[in-house]
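So the structure is just underneath, and the comments pick up after that.
Computed from a predicted structure; not experimentally measured. Naming convention: chains lettered A, B, ... in sequence-line order (proteins, then strands); numbering from 1 in each chain.
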2 protein chains.
Amino acid sequence: MTTNGRKLTPRGKERRQQLLDHATQRFAETGYHPTSVADIVGGVGVGKGVFYWYFDSKEQLFLELLAEAQRDLRRTQRDAIASEDDPLRRLEIGIRAAFRWWAGHPEIMNLLQFAATEKQFRPALRQGQSVALGDAVTHLKEAIAEGRITDGDPEELAHAIIGLTGHLSRELVHRRGDDPERVADLAVTLLFDGLRGR
Amino acid sequence: MTTNGRKLTPRGKERRQQLLDHATQRFAETGYHPTSVADIVGGVGVGKGVFYWYFDSKEQLFLELLAEAQRDLRRTQRDAIASEDDPLRRLEIGIRAAFRWWAGHPEIMNLLQFAATEKQFRPALRQGQSVALGDAVTHLKEAIAEGRITDGDPEELAHAIIGLTGHLSRELVHRRGDDPERVADLAVTLLFDGLRGR
DNA sequence: GGGGTTCTTGACCGCCTGGTCAAGTCGTCC
DNA sequence: GGACGACTTGACCAGGCGGTCAAGAACCCC
């Protein structure tokens with residue numbers, strides 16, 4: 001569908017999705033390289049040829065996972081933000097939507113983190129990240145123009161936001177199992193007012 | 001020395017270090033798995049047996065890199081902080097020291113990030129991280145007790161600090177090549193006073 | 001029930017990997 | 001110069017990998 005051009009019956013789409021899901025779990029738990037194609041098809045209970053019916057290669061499957069996840073997160077954020085005009089509120093709502101999304105997709109974090117460590121995957125990762133960055137930068141620029149936040153390079157501030165929210169998702173929501181809404185509160189107040197508060 | 005118990009002459013220690021250095025670079029650039037032992041010894045220009053004279057396995061070499069890096073960063077922070085009493089200042093100096101250290105060891109960031117994505121390496125990573133966390137928590141607790149920062153779970157705040165500083169190191173210092181001191185300023189003011197400032 | 005397409009099987013292939021080892025060289029102390 | 005460790009070599013190995021493919025099963029429309 002996305003890269004491997006093939007007509008798929010409903011049954012075919014389901015198989016394909018099974019493979020994607022299983023691969024995601026395995027990659028997240030064990031790692032990309034230690035997970036063999038044999039592991040993936042074994043987990044689904046099908047022959048090896050099935051994998052290559054739906055995907056060109058293990059690498060292509062991984063790239064598709066990356067792209068789809070980034071697309072989905074962004075869509076979620078856009079929908080959440082759509083009805084809000086105020087830039088600072090948009091930023092806040094986007095952050096909260098991100099926490100909620102990450103809470104529902106803990107495995108993806110691992111995939112993204114892994115993608116950053118290998119040459120062949122970095123470009124694909126970068127692409128999605130720069131989109132997220134751009135979204136945040138837009139709101140930050142507006143907020144700065146309105147004098148609502150202190151002046152500063154919006155791109156740098158956006159990186160700070162992404163870094164903080166990503167890490168808190170990993171450590172508090174995924175690892176510790178904390179409530180994403182509560183952690184989002186923490187992130188927002190911390191980002192807006194800092195450790196010393198107002 | 002650390003795990004592989006062997007007497008090393010000065011020449012031996014140098015070889016060993018050569019291998020460690022080369023492996024670090026390759027792992028960071030290409031990734032752990034795609035870098036073969038043959039690549040590593042080839043880069044140093046020695047036979048394969050040399051590798052296994054100094055290390056038990058590729059995995060052990062990697063674990064040693066992890067442990068040594070975490071130890072070194074912590075030592076650097078401790079030394080920087082030693083002469084300061086004020087908890088908030090200790091926190092700030094620790095953050096600045098971290099930025100300086102990361103600026104000098106960009107490759108390590110990749111190794112840590114990779115280690116987080118694979119089952120076998122997560123425990124080793126976790127260990128070092130919890131030490132860093134503990135250090136930050138200590139200062140935060142003191143600062144809270146003195147009423148210098150708003151009340152909150154110190155562990156959560158520490159995670160926020162680590163996440164923000166780590167990401168800014170990666171994105172601004174390593175990727176964009178920004179001056180670490182300037183980025184440290186940004187991180188400190190942002191963490192203490194937030195986007196809205198005081 | 002014929003025929004076309006989608007889907008599935010699993011033996012098979014070439015390749016490369018981490019790791020071994022018998023053999024040899026180097027350095028140095030007596 | 002001999003002898004004893006510290007080091008080095010590179011051919012070699014078993015095993016696992018990603019990927020292929022000829023053969024067949026399942027499904028569906030006529």
Whole angstrom value for the distance that separates P of dC7(D) from NZ of Lys13(B): 10 Å

What residues form a side chain to side chain donor-acceptor pair (under 3.5 Å) with Gln127(B), not counting sequence neighbours? none

Counting the atoms with a prime plus P, OP1 and OP2 as sugar-phosphate, which does Val50(B) contact under 4.0 Å by heavy atoms, base, sugar-phosphate, or nothing? base

How would you list, by chain and number, every residue that makes a side chain to side chain contact (heavy atoms under 4.5 Å, CB included) with Gln77(B), sequence neighbours excluded? Leu73(B), Ala97(B), Ala98(B)

Got a sec, which residues hit side chain to side chain contact (heavy atoms under 4.5 Å, CB included) with Gln18(B), two or more places apart in sequence or on another chain? Arg15(B), Val44(B)

What is the distance, to the nearest angstrom, from the CZ atom on Arg15(A) to the C1' atom on dC27(D)? 14 Å

Any Tyr54(A) side-chain nitrogen or oxygen under 4.0 Å from OP1 or OP2 of dT6(C): no

Output all residues satisfying side chain to side chain contact (heavy atoms under 4.5 Å, CB included) with Asn110(A), sequence neighbours left out; order by chain, then residue number. Ala28(A), Thr117(B), Arg122(B)

Indicate whether OP1 or OP2 belonging to dT8(D) is found under 4.0 Å from a side-chain N or O atom of Trp53(B). no

Can you tell me how far C1' of dC17(D) sits from CD1 of Ile40(A), to the nearest Å? 12 Å

Report yes or no: is the cationic atom of Lys58(B) (NZ for Lys, CZ for Arg) under 6.0 Å from the centre of the six-membered ring of Tyr52(B), at an angle within 45° of the ring normal? no

What pairs with Asp39(A) under side chain to side chain contact (heavy atoms under 4.5 Å, CB included), at least two apart in sequence or on another chain? Thr35(A), Ser36(A)

Side-chain N,O (Arg16(B)) to OP1/OP2 (dC7(D)) below 4.0 Å: no

Per-nucleotide protein contact string for nucleotides 15-30 of chain C (B base, S sugar-phosphate only, - none; heavy atom under 4.0 Å): --SBBBB-----S---

